[in-house]
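Below, chains carry the letters A, B, ... as their sequence lines are ordered, and counting in each starts from 1.
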Number of protein chains: 2
Amino acid sequence: MSYTIKDVARLADVSIATVSRVLNRSKPVSPEVREKVMKVVDELGYNPNPVARTLIMKESTLIGVLIPDVANTFISMFVRGIEKELIQHGYTTLLCNTNGDTDVELHYLNLLRDKYVDGVILLTSAPKPEQIEFFNKNDVPVIFSSHTDKDGRFSSINIDDYQATYDAAKYLIELGHRSIAFFCGPMDYYQTVRRYDGYKQALADHGITARPEWVFDKDYNLDSGYKSGMELFARVQEDHPTAVCCVSDMIAIGAIRAAEDNGLRVPEDVSVMGFDDIPIAGAYRPKITTVRQPVYELGSGSAQMLLKQIREKGTGSCESRVLPHGIIERESCRALTD
Amino acid sequence: MSYTIKDVARLADVSIATVSRVLNRSKPVSPEVREKVMKVVDELGYNPNPVARTLIMKESTLIGVLIPDVANTFISMFVRGIEKELIQHGYTTLLCNTNGDTDVELHYLNLLRDKYVDGVILLTSAPKPEQIEFFNKNDVPVIFSSHTDKDGRFSSINIDDYQATYDAAKYLIELGHRSIAFFCGPMDYYQTVRRYDGYKQALADHGITARPEWVFDKDYNLDSGYKSGMELFARVQEDHPTAVCCVSDMIAIGAIRAAEDNGLRVPEDVSVMGFDDIPIAGAYRPKITTVRQPVYELGSGSAQMLLKQIREKGTGSCESRVLPHGIIERESCRALTD
DNA sequence: CTGTTAGCGCATTCAC
DNA sequence: GTGAATGCGCTAACAG
């Protein structure tokens, strides 16, 4: 059993209000009394019950983090960035895996609000209607990560998805490729749409018409990349693209394996471009050329922005940060010289 | 602003006590009244404030999960297993990255207790003295994962670390290898010690003397594996081991890269054995032969055991589960034929 | 500056 | 069966 504020008050021979005051510096207290109280606090190793505090203050030093799936390296690194930043400011991370499911997200959002979380970080691509409604009526600080909000209704932090994919495709094109497949995520993710747009625009800007049968929208994981690759390389054995542009490194690895299983060498026969730059990208064989996302900065940046928003609560100011991406040239893409 | 129990009571024209009773089924309530109350509850979409509830009940439907680092694939998969199981039972996951630091762990433990978490899952190898003291005086249900407790003081779930490494080394030996390096984690982890013991014993049982200069105790990540590999292969260019036994797949990948950077081919010149069997192990080139851990089962199993313990609180029963491991033969190890 | 009191939202004892 | 009153541990008026 822990001590309560009453124990401290009794032992220090003051009222509980005074104890509360010295602990929260909410009202001036005479040095002598403060000294006396602190002494008892230290001796007892007393610390205020955060639950009771939450009940009154409607603050919990808890931050909800909604993500599709921790068991995805990019995401777990992102979470790491968040957590590291939060803990330094005395906040604790409430982790919620949503699988990208809107109902699950909404369920968690309600749960988190009921637990009086001080804020929420959402990795869910675009704000969905249900979420907009939720945040409109609930007024809990939120950062949308991996999303850039044009409308400025919500704060967000992200790279420029459109530009990043544009750059990736352009890189491939400048290497001489003209038939480029696209392995992306589910098309109902706004992020996917943005990236797809970037890819298409890069092709268009170079006079290349995109071939719909060469875009595969599955998941972000290795398996999806492999499956897409098997479909692509199996069905167009003689007429396959010379490059594939992927929206995650794990997809790229799956694609490479699929190519190899179809007798194609990477990068000799087909170039494969990754995305994210997770640690394995630089250690795979071939080392994967990829679009780097500053994942830790994205994570810690989300946390910082959220904390700032919590501090400035009420002003309702919105901020939108776009972090730089970059092409990391390695071995999985080669120049076409014919 | 959400509704409170008072709103429901007023609208249903009953006392708050009655509302509480129908919601918690704690005392019999007449069918008519129950009906009446439930109608209002549904209309309002009322749900009880979990914080107020926690303050009284000393229960939070929160589970603390202490891990060294989410940004490690094995661990994030483990967390995924936990979270999936917990959410099905209405619990939420409080994630804490400790870096394996004892002070941080203890800090979190206190924080979690103050938040009235219903239980804790610890991924910290052996119970440390500070932790034993904590759980002795605090009586919060706990599961030690990645640890098997001989003394039966705490519940635990794990594979047999000793046997798993023994099997890995034995596998290498039976392939004809007699000079086998060992890339392990920090020696102050009990898990490392157990695994090291298994490795040594396997060698000993086959008449091989372990060479201390061939064991490298760093971290579980790719970088550590690479560094260990560079040290090993650089300094013993002519006298290098024919195999290296690693305690994680990421270490194995690092080791492979280091070997290759020193002009050694895997598995032709040196065999490398992984551990964990994370997704990349089967997709790397060469595909990594490894010791499989049933990571999701470890995660969901931890959660199940903890939930059971919470249900049976007071009986103070301890349970120790050991899940099976297995050798997954792939391409990174070859038989020595000379 | 300090103490007394009310109340956050709920579960629960005690009367009826 | 049901309602009134008490208190979980704390903060924030309100007095003095």
Side-chain angles (χ1 to χ4, degrees), chain A residues 1-41 44-62 90 110-118, chain B residues 1-41 44-62 90 110-118:
Chain A
M1 202 42 216
S2 253
Y3 295 107
T4 76
I5 197 171
K6 277 186 192 163
D7 298 318
V8 179
R10 187 167 35 77
L11 266 50
D13 198 32
V14 296
S15 74
I16 61 168
T18 301
V19 176
S20 178
R21 280 172 199 131
V22 335
L23 258 23
N24 300 312
R25 311 175 190 296
S26 46
K27 286 271 172 90
V29 174
S30 76
E32 307 90 67
V33 175
R34 129 162 278 112
E35 202 70 12
K36 197 168 57 171
V37 171
M38 284 313 290
K39 189 156 167 287
V40 177
V41 167
L44 259 40
Y46 166 79
N47 58 346
N49 182 322
V51 177
R53 200 181 186 122
T54 297
L55 189 57
I56 303 175
M57 314 275 286
K58 277 94 175 69
E59 293 174 2
S60 60
T61 62
L62 243 36
N110 281 296
L111 183 113
L112 293 175
R113 180 209 46 208
D114 289 345
K115 289 200 186 287
Y116 293 113
V117 295
D118 295 342
Chain B
M1 201 44 216
S2 250
Y3 295 107
T4 75
I5 196 170
K6 277 186 193 165
D7 299 319
V8 178
R10 188 167 34 76
L11 266 51
D13 197 33
V14 295
S15 74
I16 63 166
T18 301
V19 177
S20 177
R21 279 172 199 132
V22 334
L23 256 24
N24 300 311
R25 312 174 191 297
S26 47
K27 286 269 173 91
V29 175
S30 76
E32 308 89 67
V33 176
R34 129 162 280 111
E35 203 68 13
K36 197 169 56 173
V37 171
M38 285 312 291
K39 188 157 166 288
V40 177
V41 167
L44 259 41
Y46 167 78
N47 57 347
N49 182 320
V51 177
R53 202 181 183 118
T54 297
L55 189 57
I56 301 177
M57 314 277 282
K58 278 92 177 68
E59 293 174 1
S60 59
T61 62
L62 241 38
N110 282 295
L111 183 113
L112 293 176
R113 180 210 45 211
D114 289 346
K115 288 200 186 289
Y116 293 111
V117 296
D118 295 343

Review point. Can you find a side chain N or O atom of Arg53(A) that sits less than 4.0 Å from OP1 or OP2 on dG9(D)?
Key: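 Answer no for this pair, as no side-chain N or O of Arg53(A) is under 4.0 Å from OP1 or OP2.
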Check your understanding: Distance check: side-chain N/O of Ser15(B) vs OP1/OP2 of dA4(D), anything under 4.0 Å?
Key ->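 No, no such contact exists.
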Can you tell me which nucleotide in [options] comes closest to the side chain of [X]?
X        : options                  : answer
Met57(A) : dG3(C), dC10(C), dA12(D) : dA12(D)
Ala17(A) : dT4(C), dC10(D), dA11(C) : dT4(C)
Val33(B) : dT2(D), dT11(D), dC1(C)  : dT2(D)
Asn49(A) : dC10(C), dG9(D), dG1(D)  : dG9(D)
Ile5(A)  : dT11(D), dG3(C), dA11(C) : dT11(D)
Tyr46(B) : dC10(C), dC1(C), dG3(C)  : dC10(C)
Thr4(B)  : dA4(D), dA11(C), dG9(C)  : dG9(C)
Arg21(B) : dG3(D), dT4(C), dG9(C)   : dG3(D)

Check your understanding: For Leu44(A) and Val8(A), which heavy atoms make the closest approach, and how far apart are they?
Key ->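 Looking at all heavy atoms of both residues, the closest pair is CD2-CG2, 4.2 Å.
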Check your understanding: For the residue pair Glu59(B) and Asp118(B), what are the closest heavy atoms and their distance?
Key ->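 Taking every non-hydrogen atom into account, CA-OD1, 3.3 Å.
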Nearest whole angstrom, please: distance from the [atom2] of [N] to the [atom1] of [X].
X         : N       : atom1 : atom2 : answer
Asp114(B) : dC8(D)  : CG    : C1'   : 15 Å
Tyr116(B) : dC10(D) : OH    : C1'   : 11 Å
Asp7(A)   : dC8(D)  : CG    : C1'   : 14 Å
Lys58(B)  : dC10(C) : NZ    : C1'   : 12 Å
Asn24(B)  : dT13(C) : CG    : C1'   : 15 Å
Ile56(B)  : dC10(D) : CD1   : P     : 15 Å
Ile16(A)  : dT2(C)  : CD1   : P     : 16 Å
Glu35(A)  : dT2(C)  : CD    : P     : 13 Å

Using a heavy-atom cut-off of 4.0 Å across all strands, would you classify [X] as base, sugar-phosphate, or nothing?
X        : answer
Lys27(B) : base
Ser20(B) : base
Val51(A) : nothing

Side-chain touch [X]/[Y], heavy atoms, less than 4.5 angstrom:
X        : Y        : answer
Asn49(A) : Ser2(A)  : no
Pro50(B) : Thr61(B) : no
Leu55(B) : Val51(B) : no

Exercise for review: Using heavy atoms to find the nearest nucleotide of DNA chain D for Glu32(B) and Ala52(B) separately, return the residue whose nucleotide is more 5′.
Suggested key: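 Final value for this comparison: Glu32(B).
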Practice item. Map Ser26(B) and Leu55(B) onto DNA chain C by nearest heavy atom, then report which one ends up closer to the 5' terminus. Key: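 Counting from the 5' end, the first nearest nucleotide belongs to Leu55(B).
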Practice item. Quickly, which of Leu11(B), Val41(B), Val14(B), Val29(B) forms a side chain to side chain contact (heavy atoms under 4.5 Å, CB included) with Lys36(B)? Name it, please. Key: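 That would be Val14(B).
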